[in-house]
Amino acid sequence: MAILFLGGYVLAPLQGNTQSLPPVKYFPHPERIRYDGDCMTIENKDVFIYSAAFHYFRTPKELWRDRFRKIKAAGFNTVETYIPWNWHERVAPASTADQSKFDFSDLSAWLKMAQEEFGFYTIVRPGPFICAEWSGGAYPRWLAMYGPGKGGFWLRSASPEHIKWCIHWFDAVCKFLAKEQLTRKPKGSKGIIMLQIENEYDADGSKDKEVFLKALYRSAKRNSIDVPVFTCLTHQCRGSKDPELSQVFDCDNYYTDQNGAMGCAHRMVSLRNRQPDAPGFVTEMQGGWFSTVTGRLSEEHFSDVRHFNAISLMTLLGGGTGINYYMFVGGTHFAGWGARGMTTTYDYNAAIGESGICSPKYYAATSIGNFIRQYEQPLLRSKGGPCNIQGVPKNITGGIRIAPDGTKFIFLNNSDAKSGYNGQADIVPGSIAKATEPIYNIDQNGQHIRMKTADGNTAADSLRLDNISIACHLEPLGAKVLVIPPGAAPQNGKWYPETLSANGSQLPSPEPVRISTVKKLDDPLNRARWKALQEGVSLTQLGINDFRYSLYRCKVKLDDQQVKNERYLLFNMFTRDIVTVSVNGKPAKRLFPEKADAQTWLTRGCYDRIKPDEYDNRFDVTALLKPGSNEINVVYEDLGHAHGYVPMEELAGIRKAGLSSTDTTLTHPLKWEYAADVAGISQGYLLPSYIPAGWETVSLDTVTEIPRKGNYIQPKEPMHGLFTWYRIEFALPADIAAVESSWLARISASGNGYMWLNGHNIGRHWEAGPQREFYLPGCWLNFGPARKNVLVMGLRQTQSGAFLKAMEIRSYTANK
């Protein structure tokens, strides 16, 4: 019997009609890692992949060990991370052949610590698009220089130019990752076990997706990736018969309503039915939700510990043998790396919060982990799924799985948020339990997306047993599993998961430090490093690919008639960012957009490219100009690189700007200079060693309680300039309670900008809210009365000024 080899893949045996036979999975090192329709098998042992999402780029390196230690203690055997292209190639290369700008040093350190120090398997997801509420979805800003700049979406498409640049990234990252694979490590060692190509591609409207997917897959194989390759929510790979894409298995991502846990069981059954030769894996099991500027904080999301527990157990009911919680470790968007419109905090209401504090979800995950470890082998090759349950209200659902050794797992779920249930439940094994309601996923905008692939395709399983009657108690939104040993009666079974909580006594809360005085200085714009600017050149083309504040300046002479007629200042932008203007030292009145905050881009054409004659920032300069010499200064606020819509693939900066007699047409273009940074950056204001000579000392409010969250509650004062600096100095106690606590700054201020803690950029301050508290990583703090801490704020003045009213430094344990 002959075997056909094609491009290194083993296909079906050549016998009879091969057209209807699916391709056979090929594993280069099956003795190290392989999979089948039930589970992953690593070094000839079936393994349940219990994984925690932890992003190295959202937590200071000094704190990785703390987070890994907590993940390990919760019973996980795997950690997962995205790998952002723009994080590792921040400077534009000379060409696609230029690999010199990549820096994988922090990824290397993270993998080493995870695999060698803590003994984790690792899963890596290098995109190229990762979404993740991350700047550009991980596409570098400089990539926009190579796009068509018109027409439909370019990024994520099958455009040859797009594919060429993505292969530039994939060749580099896969070459680096190859040596970190499990298959390249000594037997018994840990390493990478799975690599993802693309990400949630079903959410993208591009054509010819197979072309792009194959290009990524070929790059992975060409660069020696020989562990399993997967996708998530990408139907082109789900049960594909293509010789290449059939070697990629698809996974699901579960983001459900509060009462939508049972849908996870049905979706898992659907996934396994559609690709019977691959395990049921959830790439993103909802661990919480992100927060947006002017939205709500993650802590207010409904995804509580009950939801966490229920979606996990119902996934097991459907036959899931791989779970990755997204996020399991919350983080921070330091230095503005969050996508446009995202808050600085990426706490995500995760099991391990942004500050490192463990939430109730952590103990639920630990309990589930204990259950999986205890019953791993029986669960992995069990049969069954959702089934009919008689004698219960319709909100009580569930099913049964039976292991090869006869162990029975009866899963129950209560979707009622108000009422519990006490009573009998009659399980009907082998019966068809179709989903009674449409099954939805929730997308990044909170919208419900109907999952058509999971509707109505839950087939009857092969179980042939008598009905099983059990007594059960379920709390509102409760979920449990009853384990009945082989041959035992239901009443002799044991309910899981057990309830766990934090152990040990809590450290006493250190007293908050209320700030009474600070130093203040308006940015001396004339001391910035000014350079000539050619019209039509973007900041991106000038090598500015991060998220700083930049300056533009024009000096123009006007006659009496021009001063009289030219009442408007118009800006044609590369993307829908914000500028603030002063004319001859006085702030100009904003006409459009009315609200210059982080979310206005969504309401002013985010689906359309800015036209050459569209003026996305407009000002009234009546009475500000004068005959003779005039100086116009502009602060450019980069709102961040969008991770969707047209701004994801646009350049940054001002394309052209000038004066006009009308607010719709530019009649007097002006010639501009630019400064890459505001003057304070160039002068080193953010450095702890800087001596603030000549700064004004101002007193803060030390009495009024500072709100810990909220939208549009910032203090206000008249706008008098463009950019203002504050320098805050404080000391923290040296006792053990202070050192071991997690700390935050609670701030009442107007103005948008950045904050630096002892020289480290800890993220953006958006005056609109809802975030009023900002994480201060303990590894960047100094403790003891003789060791000073310096917190610097650089704020663009808004219509509410840049007014620091009050601030206090406090521990999270005291955060009541």
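In this chain, numbering begins with 1 at the start of the sequence shown.
Ring geometry, Tyr685 versus Tyr690: the interplanar angle falls from 30° to 60°, so the pair is classed tilted. Between Trp169 and Phe104, the ring planes are tilted. Angles from 30° to 60° get that label. Ring-plane geometry between Phe334 and Tyr775 is classed as tilted, the angle between the planes lying from 30 to 60 degrees on a 0 to 90 degree scale. Using the six-membered ring where Trp is involved, Tyr346 and Tyr326 have ring planes that are perpendicular, over 60° apart on the 30 and 60° scheme. Using the six-membered ring where Trp is involved, Trp165 and Trp142 have ring planes that are perpendicular, over 60° apart on the 30 and 60° scheme. In this structure, Phe547 and Trp337 have perpendicular ring planes: the angle between them is above 60°, well past the 30° mark. Relative orientation of the Tyr201 and Phe212 rings is perpendicular, given thresholds of 30° and 60° on the angle between their planes.
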Exercise for the section: Evaluate side chain to side chain donor-acceptor pair (under 3.5 Å) for Trp725 paired with Asp523, printing each intermediate quantity in order. Expected result: CA-CA 7 Å; Trp725 291 89; Asp523 192 81; 2.7 Å; yes
Handout entry: Audit row: Arg576, Ile610, side-chain contact (heavy atoms from CB on, under 4.5 Å) steps and yes/no
Key = CA-CA 8 Å; Arg576 298 182 195 280; Ile610 295 179; 3.5 Å; yes
Exercise for the section: For Thr234 and Glu200, run side-chain contact (heavy atoms from CB on, under 4.5 Å): C-alpha distance rounded to whole Å, both residues' side-chain angles, the deciding distance at 0.1 Å, then the answer. Expected result: CA-CA 6 Å; Thr234 301; Glu200 296 178 324; over 6 Å; no
Practice task
Verify side-chain contact (heavy atoms from CB on, under 4.5 Å) between Ser550 and Ile544, making sure each step is shown before the conclusion.
Solution key: CA-CA 9 Å; Ser550 300; Ile544 301 172; 4.3 Å; yes
Problem - side-chain contact (heavy atoms from CB on, under 4.5 Å) between Thr344 and Gln771, worked out - result: CA-CA 8 Å; Thr344 287; Gln771 185 176 3; 3.5 Å; yes
Exercise for the section: Test salt bridge (Lys or Arg N to Asp or Glu O under 4.0 Å) on Arg218 and Glu244 and set out the steps. Expected result: CA-CA 8 Å; Arg218 289 167 185 164; Glu244 291 172 301; 2.7 Å; yes
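Side-chain atoms of Gln181 come within 3.5 Å of backbone atoms of Asp226 as a donor-acceptor pair (strictly under, hydrogens ignored). In terms of modelled atom types and a separation under 3.5 Å, the side chain of Thr343 and the main chain of Val293 share no donor-acceptor contact. Trp64 places a side-chain N or O within donor-acceptor distance of the main-chain N or O of Thr59, the cut-off being under 3.5 Å. The backbone N or O of Pro93 sits nowhere less than 3.5 Å from a side-chain atom of Lys101 that would complete a donor-acceptor pair. Between the side chain of Asp616 and the backbone N or O of Met573 there is no donor-acceptor pair closer than 3.5 Å. Panel note: side chain Glu650, backbone Ala652; no donor-acceptor pair is recorded below 3.5 Å. In this structure a side-chain-to-backbone donor-acceptor pair under 3.5 Å is present from Asn572 to Glu614. Between the side chain of Arg32 and the backbone N or O of Lys185, at least one donor-acceptor pair lies under 3.5 Å. When atom types are taken as modelled, the side chain of Asn761 and the backbone of Ala335 share a donor-acceptor pair closer than 3.5 angstrom. In terms of modelled atom types and a separation under 3.5 Å, the side chain of Lys179 and the main chain of Phe176 share a donor-acceptor contact.
Between Thr575 and Leu651, every side-chain heavy-atom pair lies at or beyond the 4.5 Å cut-off. Considering only heavy atoms from C-beta on, Glu210 comes within 4.5 Å of Leu245 through its side chain. Side-chain contact between Tyr139 and Pro84: absent, with no pair of heavy atoms (C-beta onward) separated by less than 4.5 Å. Counting heavy atoms from C-beta outward, Tyr636 and Leu539 have side chains that approach closer than 4.5 Å. No side-chain heavy atom of Leu155 sits less than 4.5 Å from a side-chain heavy atom of Phe129.
Looking at every heavy atom in both residues, Asn86 comes nearest to Trp134 through OD1-NE1, 3.0 Å. Looking at every heavy atom in both residues, Ser157 comes nearest to Trp154 through OG-O, 2.6 Å. Taking all atoms of both residues into account, the shortest heavy-atom contact from Lys207 to Ala158 is O-CB, 3.9 Å. Smallest separation of non-hydrogen atoms from Thr540 and Arg141: CG2-O, 3.7 Å. Nearest heavy-atom pair, Cys174 versus Ile225, reported as atom, atom and distance to 0.1 Å: O-CD1, 3.8 Å. The heavy-atom pair separating Val329 from Met327 by the smallest distance is O-CE, 3.3 Å.
Between Glu284 and Arg125 there is a salt bridge, with a side-chain nitrogen of the basic residue lying less than 4.0 Å from a carboxylate oxygen of the acidic one. Salt-bridge annotation for Glu117 and Arg65: present, with a side-chain N of the basic residue lying under 4.0 Å from a carboxylate O of the acidic one. Salt-bridge annotation for Lys214 and Asp242: present, with a side-chain N of the basic residue lying under 4.0 Å from a carboxylate O of the acidic one. Salt-bridge check for Lys175 with Asp171: failed, with every basic side-chain N at 4.0 Å or more from each acidic carboxylate O. At a threshold of 4.0 Å, the pair Arg609-Glu649 counts as salt-bridged, since one of the basic side-chain nitrogens sits closer than that to a carboxylate oxygen.
Distance check: Leu143 CG to His168 NE2 gives 9.0 Å after rounding to the nearest 0.5 Å. To the nearest 0.5 Å, atom SG of residue Cys131 and atom CG of residue Asn253 are 10.0 Å apart. Taking CD1 of Ile762 as the reference point, atom OG1 of Thr332 lies at 9.0 Å (rounded to 0.5 Å). The distance from the CG atom of Leu63 to the CH2 atom of Trp780 is 8.0 Å, given to the nearest 0.5 Å. Here CZ of Arg340 is found 12.0 Å from OH of Tyr645. Values are rounded to the nearest 0.5 Å. Taking CD of Gln247 as the reference point, atom CZ of Phe230 lies at 16.0 Å (rounded to 0.5 Å).
For the pair Lys190 and Tyr121, the distance from NZ or CZ to the six-membered ring centre is under 6.0 Å and the angle to the ring normal is within 45 degrees. Cation-pi geometry between Arg796 and Phe723 is not satisfied (NZ or CZ under 6.0 Å from the ring centre, within 45° of the ring normal). Seen from the ring of Phe571, Lys656 does not count as a face-on cation partner, given the 6.0 Å and 45° thresholds. Annotation: cation-pi pair Arg604/Trp601 absent, no NZ/CZ under 6.0 Å from the ring centroid and within 45° of its normal.
Checking Asn199 against Tyr82 by side-chain atom types alone, a donor-acceptor pair falls below 3.5 Å. For Ser51 and Asn324, the side-chain atoms include at least one donor-acceptor pair closer than 3.5 Å. Side-chain atoms of Thr580 and Glu637 form no donor-acceptor pair, as typed in the model, at a separation below 3.5 Å.
Around CZ of Arg222, the count of heavy atoms belonging to other residues, nucleotides or ligands within 6.0 Å exceeds 12.
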